Colleague: 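First the structure, which I've put down as structure tokens, then a few questions once you've had a look.
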Number of protein chains: 2
Amino acid sequence: MATPTNTQFAVAVHVLVYLASVGRNEQRSIGSEELAGSTAVNPVHVRRVLGPLRTAGLVHSKPGAKGGWEIGADPREIGLDRVWAVLQGDDPVLGLHGPSPRCAVGAGVQEILQGVEREVSAAVVDRLARRSIADLVTEAHLEAAVGPPR
Amino acid sequence: MATPTNTQFAVAVHVLVYLASVGRNEQRSIGSEELAGSTAVNPVHVRRVLGPLRTAGLVHSKPGAKGGWEIGADPREIGLDRVWAVLQGDDPVLGLHGPSPRCAVGAGVQEILQGVEREVSAAVVDRLARRSIADLVTEAHLEAAVGPPR
DNA sequence: AATAACTGTAATCACATTGGCGACGGTATG
DNA sequence: CATACCGTCGCCAATGTGATTACAGTTATT
């Protein structure tokens, strides 16, 4: 692996689908532990991933007993691009940030590559925007309530 | 940085532009050391990056005194997608390879995400294919001989 | 009020990848 | 033969990810 396995995006999507499906069908908040069990990762990791999503308004959390997580927006309007933007918005897709070369050749090439990077990032976002959490719920054959969050 | 800075692609492109420009104008092989100096990285690193490119036929190398590297194909036909394929062809762009969840929800989501991954990878390759090493030489305002390799 | 069940966050650890660095052998030039 | 390269190995530091533990804060339940 050249790129260290970045589970955050996958975990986030999984959790959102879970919240949009199970959570809304059963009308309850869901704890980090249950989410972690479902995703096969650590509860703390789940909370770390969900933190930024909460800031972005995609989920809500309730502390205390019977607390937990609920989806914070209409699943039909949560495009995968939004999740991506929240979690990896700043990271370059091509992973270039090469050492800036001293020579004239390098300076020009670096500039051009940055332009390519922007193009590629835009293309990625475009593809991700084509699917929403609600789409995933449907495609994964999960029955779910649809509509704005409770 | 979520993604560790992966300089390999940037270094490879830089070196190819250098070979297509300086190397062919001056009609000589170029040593790893000179390439490393131009790219501000280690000579060993340059050789490690160029190894796969040689296997792919994009460059040639000559051992021994007066040895060094030459470009191995017409720069106009070396699209950035080829370089990408050689160096990062196997790595997922989205970095998902999340832990396979046990529950039914997860299995379905994982499958869908893999489909998205394929779409996104294709989009990235498509954008990269729009530019060739020869294009970069031109855009970087470097005078260079154009045509098939010597 | 006391307890239990959660979130929220910090600290630490193991692990993997990247890239710098040194060493040594192979090979072509002069 | 001496020199100047490539080619590859091994070791090292730095970095990022995720697991784990611990602890503080908040809320429902009894």
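Computed over heavy atoms, backbone and side chain alike; hydrogens, waters and symmetry mates excluded. Below, chains carry the letters A, B, ... as their sequence lines are ordered, and counting in each starts from 1. Keep in mind it's a predicted model, so treat the numbers as computed, not measured.
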Colleague: Does a donor on one side chain and an acceptor on the other come within less than 3.5 Å for Glu117(B) and Ser121(B)?
Modeller: yes

Colleague: Enumerate all atom pairs, one protein N or O and one N or O from nucleotides 20-25 of chain D, separated by less than 3.5 Å.
Modeller:
residue: dT20(D); atom: OP2; partner: Asn42(A); partner atom: ND2; Å: 3.1

Colleague: Whole angstrom is fine here: how far is it from CG in Leu53(B) over to C1' in dC6(D)?
Modeller: 16 Å

Colleague: Could you check how far CD1 of Ile30(B) sits from P of dA4(D), rounded to whole Å?
Modeller: 19 Å

Colleague: Reckon Gly51(A) touches a base, only the sugar-phosphate, or nothing at all at heavy-atom distances under 4.0 Å?
Modeller: nothing

Colleague: Remember a base hit wins even if backbone is also touched, and classify Glu33(A) as base, sugar-phosphate or nothing at under 4.0 Å, heavy atoms.
Modeller: nothing

Colleague: Closer than 4.0 Å, any side-chain N/O of Thr7(A) to the OP1 or OP2 of dG18(D)?
Modeller: yes

Colleague: In terms of side-chain heavy atoms, does Arg76(A) have a donor or acceptor partner in Ser132(A) at a distance below 3.5 Å?
Modeller: no

Colleague: When you check the gap from the basic side-chain N to the acidic O, do Arg131(A) and Glu139(A) get nearer than 4.0 Å?
Modeller: yes

Colleague: Please report, rounded to the nearest Å, how far the C1' atom of dT30(D) is from the NZ atom of Lys66(A).
Modeller: 13 Å

Colleague: Of the nucleotides dA28(C), dT7(C), dA5(C), which one has an atom closest to the side chain of Ala65(A)?
Modeller: dA5(C)

Colleague: Without decimals, in angstroms, what is the distance between Arg28(A) CZ and dA28(D) C1'?
Modeller: 17 Å

Colleague: At less than 4.0 Å, is any side-chain N or O atom of Ser61(B) found next to OP1 or OP2 of dG7(D)? Yes or no.
Modeller: yes

Colleague: Do we see a donor-acceptor contact under 3.5 Å between the side chains of Trp69(A) and Ser32(A)?
Modeller: yes

Colleague: Are Arg47(B) and Glu33(B) ion-paired here, with the side-chain N under 4.0 Å from a carboxylate O?
Modeller: no

Colleague: Nearest to the Ser32(A) side chain among dT29(D), dT8(D), dT7(C), which nucleotide is it?
Modeller: dT7(C)

Colleague: I'd like to know whether Val109(A) forms a side-chain contact (heavy atoms from CB on, under 4.5 Å) with Val13(B), so could you lay out the CA-CA distance, the side-chain angles of the two residues, the decisive distance to 0.1 Å, and finally the verdict.
Modeller: CA-CA 8 Å; Val109(A) 172; Val13(B) 171; 4.1 Å; yes

Colleague: Assess whether side-chain contact (heavy atoms from CB on, under 4.5 Å) is satisfied between Gln88(B) and Val83(B), documenting all intermediate values.
Modeller: CA-CA 8 Å; Gln88(B) 258 113 24; Val83(B) 182; over 6 Å; no

Colleague: Measure the distance from CG on Leu50(A) to P on dT9(C) and round it to the nearest whole Å.
Modeller: 12 Å

Colleague: When the distance from CG of Leu94(B) to C1' of dT17(D) is rounded to whole Å, what number comes out?
Modeller: 17 Å

Colleague: Quick check on dG18(D): is either OP1 or OP2 less than 4.0 Å from any side-chain nitrogen or oxygen of Gln8(A)?
Modeller: yes

Colleague: Quickly work out the Leu19(A) CG to dT7(C) P distance and round it to whole Å.
Modeller: 11 Å

Colleague: Would you kindly give the NE2-to-P distance between His60(B) and dT27(C), to the nearest whole Å?
Modeller: 20 Å

